[in-house]
Structure formats: structure tokens, C-alpha cells
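Notes follow once the structure below has been shown.
Worth knowing before you read on, the calculation uses all heavy atoms, side chains too, and leaves out hydrogens, waters and symmetry mates. Model, not experiment: these values are computed from the prediction. The sequence lines fix the lettering, A, B, ..., with proteins before strands; numbering per chain opens at 1.
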Amino acid sequence: MKKVKPSFYKQDALIVGPSLLGKILVRKLDNGKIFRYRITETEVYRGEEDKACHARFGITNRTMPLYAEGGLIYVYLCYGIHYLFNIVTGEKGKPQAVLIRGIENHNGPGKLTKALNIDLNLNKENLNTSKEIWLEEDGYQPFYKTTSRIGIDYATEPYKSIEWRFVLIDKDS
DNA sequence: AAAGTGATCATG
DNA sequence: ATGATCACTTTG
């Protein structure tokens, strides 16, 4: 089991998105408790031209982390209730990120953050240096399918129906 | 099917 | 200062 290298996050979101499937999300709490869950579902949000991406209105206080170099975490509050967890990817200045939509035993982007105690404290945290959260890989080769993204009715074509959602297919089922 | 909930961003 | 808008979940 080894930690994911910094160079992994600097790749384009469309590469990182599917590659994230099967990787292990490790979360260490203040009380020393450690969670390890395999990622099962991701979505890519890429560029100001992507009308579903938060960066579509340009750089603001909220969207600033999206413009950073890959490896940062972008957390934000959705619908006033749920924290959603994203991994920033690509080069500095290119706004893009991968939303983690599901992990083993916790499907749904709002549920997994609740389960892992992820909130705004982890916004802008660096996955390469953080002692609280990071990713590991064990050589798992994912099978997956692609679909359009969820909950973005406000977007316009072609981004509304582009297949940037990646779902792990369990070989045992 | 719809409510619940609050940060964020654009108005004034 | 106020109002609209959401990368969702739960309930009935």
C-alpha cells in the first residue's frame, strides 16, 4: 500500500477522474481513528467553459482552490446541508476538479463527507502533505462505466449530457 | 414530489 | 441588506 504521488494529481481531470476509482481514501481523525475506503464513484468538473463547473463564473473567493495546482482539496457546502469533497487536478491556473461521489459503504457525495467528518476545515488542504487525509493505491485495476453527471440541470449542452461521471463496476456482482 | 438549510454571489 | 441559486438527502 503506497501513497499516491504528487504527479498523479497534476494530470488532466479527465485522466484523474476514472483513475481515482479503486484508490483508497484515508482519513485520520483528531482522536486517532483511521478510516480507509475505496473510491467507487467520481465526477469531473473541468474548466470555465464547462457550464456545470463552479469555475464557470470565473475566479471568486469560493472557487479559488479550483485554480490551484492539482493535489489540493476543495470542500464546499451544498444546499445548505451537505459538504462535498473534491480533489483539484491539473496545472495551476486551469480550474478543474474531481468530485468524490461515492466510497465503499457510503454512496452519495453528502453522505461520505458526513461519515468521514469532512467539512470546511479541510478546504484547501494538500493531499500530499496532510496528516489528516490522503490517498493510497494498491494496484487495483478498475472496471467502470461512464454516465452523464448528476444534479446539473442548470448547465447547457454539451456539458449537460457529457459523460463525465465514472462509476466502478463490482466484478463480483 | 417536495421540503429543509445556509454559504455564496449579484443586486441595490 | 436582501434575494436567488444550488455537484443533496430524506420523508411521505
Applying a 4.0 Å non-hydrogen cut-off, can you work out what A/Arg101 is touching in the nucleic acid: base, sugar-phosphate, or nothing?
sugar-phosphate
Under a 4.0 Å N-O cut-off, is there an ion pair linking A/Arg149 with A/Glu43?
no
Salt-bridge criterion met for A/Glu136 and A/Lys2 (N-O under 4.0 Å)
no
Please identify which of these residues, A/Leu20, A/Leu21, A/Asn107, meets the side-chain contact (heavy atoms from CB on, under 4.5 Å) condition with A/Thr40.
A/Asn107
Whole-Å gap separating P (C/dT11) and CD1 (A/Ile81)
12 Å
Rounded to the nearest angstrom, tell me the gap between atom NE2 in A/His54 and atom P in C/dC8.
9 Å
What contact category does A/Tyr76 fall into here, base, sugar-phosphate, or nothing, at under 4.0 angstrom with non-hydrogen atoms?
base
Distance in angstrom units between A/Leu66 CG and B/dC9 C1', rounded
15 Å
Rounded interatomic separation in angstrom, taking NE2 from A/His82 and C1' from B/dA7:
14 Å
A/Asn61 CG - B/dT8 C1' separation (whole Å):
9 Å
Indicate whether OP1 or OP2 belonging to C/dC8 is found under 4.0 Å from a side-chain N or O atom of A/Lys114.
no
Answer yes when A/Arg46 and A/Asp12 have at least one side-chain N-carboxylate O distance shorter than 4.0 Å, and no when they do not.
yes
Spacing between A/Tyr83 atom OH and C/dT9 atom C1', to the nearest angstrom
16 Å
Position toward the 5' end of DNA chain B (nearest nucleotide), A/Gly80 or A/Arg62:
A/Gly80
By the Watson-Crick or G-U definition, both distances under 3.5 Å, C/dT5 is matched with B/dA7
Please check if atom CD in A/Glu163 has more than 12 non-hydrogen atoms from other residues, nucleotides or ligands closer than 6.0 Å.
yes
Quickly work out the A/Asn107 CG to C/dT9 P distance and round it to whole Å.
10 Å
Measure from CG on A/Leu77 to C1' on C/dC8 and round the result to the nearest Å.
10 Å
5′-ward residue of the pair A/Tyr79/A/Leu120 relative to DNA chain B
A/Tyr79
Looking only at side-chain N and O atoms, does A/Arg56 come under 4.0 Å of OP1 or OP2 in C/dC6?
yes
